[in-house]
Undergrad: 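Before I ask anything, let me first share the structure, which is written out below as structure tokens.
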Amino acid sequence: MKKIFFFLLISTVSVFAQKIDDGSKHKTVFQFVSGDTLSQKSLINNLKNFKEGWPKSQVEVVFHGNGIFMVMTEKTTFANELQSFVEKEGIQMVVCENTMKQKKIKKEQLLPFMQTVPMGIGEIVIKQEQGWSYIKAGL
Amino acid sequence: MKKIFFFLLISTVSVFAQKIDDGSKHKTVFQFVSGDTLSQKSLINNLKNFKEGWPKSQVEVVFHGNGIFMVMTEKTTFANELQSFVEKEGIQMVVCENTMKQKKIKKEQLLPFMQTVPMGIGEIVIKQEQGWSYIKAGL
Amino acid sequence: MKKIFFFLLISTVSVFAQKIDDGSKHKTVFQFVSGDTLSQKSLINNLKNFKEGWPKSQVEVVFHGNGIFMVMTEKTTFANELQSFVEKEGIQMVVCENTMKQKKIKKEQLLPFMQTVPMGIGEIVIKQEQGWSYIKAGL
């Protein structure tokens with residue numbers, strides 16, 4: 001009887017713990033390299049769900065290769081969603097400067113709330129070294 | 001002479017160690033998000049080879065996004081292979097509940113041996129935090 | 001005043017530290033599974049930029065699935081670039097023996113500077129266990 005009570009207590013605590021996980025311990029770096037619209041839409045969905053589930057988790061998205069088109073003012077169809085992620089959800093969004101050089105894209109052509117890093121892949125490597133989990137987004 | 005003997009001994013032990021690695025120390029989480037048949041086939045091959053090489057390794061596959069079609073009773077063409085992975089090989093297969101909500105898919109529509117998790121990507125993040133290696137499957 | 005000076009000193013040291021990072025502490029394993037030419041070109045770009053930024057970093061590329069076509073003497077269009085990566089940059093390039101068996105490809109058909117591993121995915125798992133960062137290359 002005592003054992004059953006104890007088991008129920010543990011189970012309840014465990015489910016409760018999962019429910020109240022606000023994500024504050026979790027750090028995740030997303031890589032985005034795709035130029036196609038379906039993958040862009042899928043990234044938006046991923047981030048929305050992720051921040052709904054874990055509102056306090058630290059998230060960074062690294063855009064490089066053709067992924068850069070999604071964060072160019074003239075090309076993106078997701079400016080509002082991305083702005084809200086950065087300004088309301090605190091998601092950090094960074095663009096690879098190597099990609100910018102290769103594609104001859106200037107900082108002014110990026111959405112104004114984007115930051116840049118010297119090497120997109122280098123950034124992802126550093127985050128993993130610092131204990132962040134890695135997710136390659138896109139289809 | 002002694003040195004050569006020692007070197008040969010070490011080499012032999014090392015090759016032997018690799019040969020007898022039954023995988024029991026290895027834990028790997030696979031992410032599957034693709035809806036196309038070739039990627040599905042490639043996932044089946046990956047898992048088959050992996051479990052042949054390391055029969056005792058712990059493996060979990062997380063299906064989300066369009067990856068969910070592969071584990072729906074009405075849509076999959078790999079029901080037998082997946083069932084054998086779960087029941088004979090002990091591979092854990094989980095589906096993202098966010099994806100289910102978005103695509104209006106009910107638990108009854110999934111293959112009966114599938115389990116679910118609140119967030120597919122969250123599950124992959126937690127596994128990485130617990131020391132599991134991450135593989136994004138698909139082409 | 002002292003505080004400002006101290007802050008400037010710290011900032012300078014930090015920027016300087018980033019500039020002189022030759023990559024020697026970083027270890028990264030790339031996975032390549034794609035058969036399409038654009039993904040192959042993207043891998044070449046990734047590796048070139050990476051080694052320019054971090055010349056002393058340890059890099060290994062694991063080719064499996066359709067990724068193997070890129071390292072077959074008869075099929076590749078990147079033999080020179082790959083050879084230079086291996087011989088000048090010290091990048092290690094390995095092919096999955098399971099893929100070779102499945103596609104009936106012999107060692108002699110691979111570029112002569114390629115090495116092989118029993119399981120491509122197993123190799124990536126082992127590297128992650130040893131603290132290497134993981135990047136899934138390709139689009």
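In what follows, every chain begins at residue 1, and chains take the letters A, B, ... in the order their sequences are listed. The shown structure was predicted, so the numbers you read here are calculated from the model rather than taken from an experiment.
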Undergrad: Sequence neighbours left out, what passes side-chain contact (heavy atoms from CB on, under 4.5 Å) with A:Lys127? Give chain and number order.
TA: A:Val29, A:Glu60, A:Glu123, A:Gln130, A:Trp132
Undergrad: Mind checking which of residues 73-81 of chain A sit less than 4.5 Å from chain B, heavy atom to heavy atom?
TA: none
Undergrad: B:Gln31 versus chain A, heavy atoms under 4.5 Å apart: side chain, backbone, both or neither?
TA: side chain
Undergrad: Between A:Ala137, A:Gly23, A:Gly138, A:Ser133, which residue shows the highest count of heavy-atom pairs closer than 4.5 Å to chain B?
TA: A:Ser133
Undergrad: Look up atom CD1 in B:Ile126 and atom OG1 in A:Thr28, then write down how far apart they are to the nearest 0.5 Å.
TA: 9.5 Å
Undergrad: What closest approach, in Å, do A:Lys27 and B:Glu129 show between heavy atoms, and which atom pair accounts for it?
TA: N-OE2, 4.4 Å
Undergrad: If the contact rule is any heavy atom under 4.5 Å from chain A, which residues of residues 86-111 of chain B qualify, in numerical order?
TA: B:Asn98, B:Gln102
Undergrad: When rounded to the nearest 0.5 angstrom, what distance separates OH in A:Tyr134 from CD in B:Gln128?
TA: 9.5 Å
Undergrad: Closest heavy-atom contact between A:Asn49 and B:Met119?
TA: O-SD, 3.7 Å
Undergrad: Please list, in residue-number order, every residue in residues 33-41 of chain B that has a heavy atom less than 4.5 Å from any heavy atom of chain A; write 'none' if there are none.
TA: B:Val33
Undergrad: Go through it in stages, so that I can follow the logic: the residues are A:Ile135 and B:Ile124, the test is side chain to side chain contact (heavy atoms under 4.5 Å, CB included), and I'd like the CA-CA distance, side-chain angles, deciding distance and then a yes or no.
TA: CA-CA 8 Å; A:Ile135 296 288; B:Ile124 298 166; 3.7 Å; yes
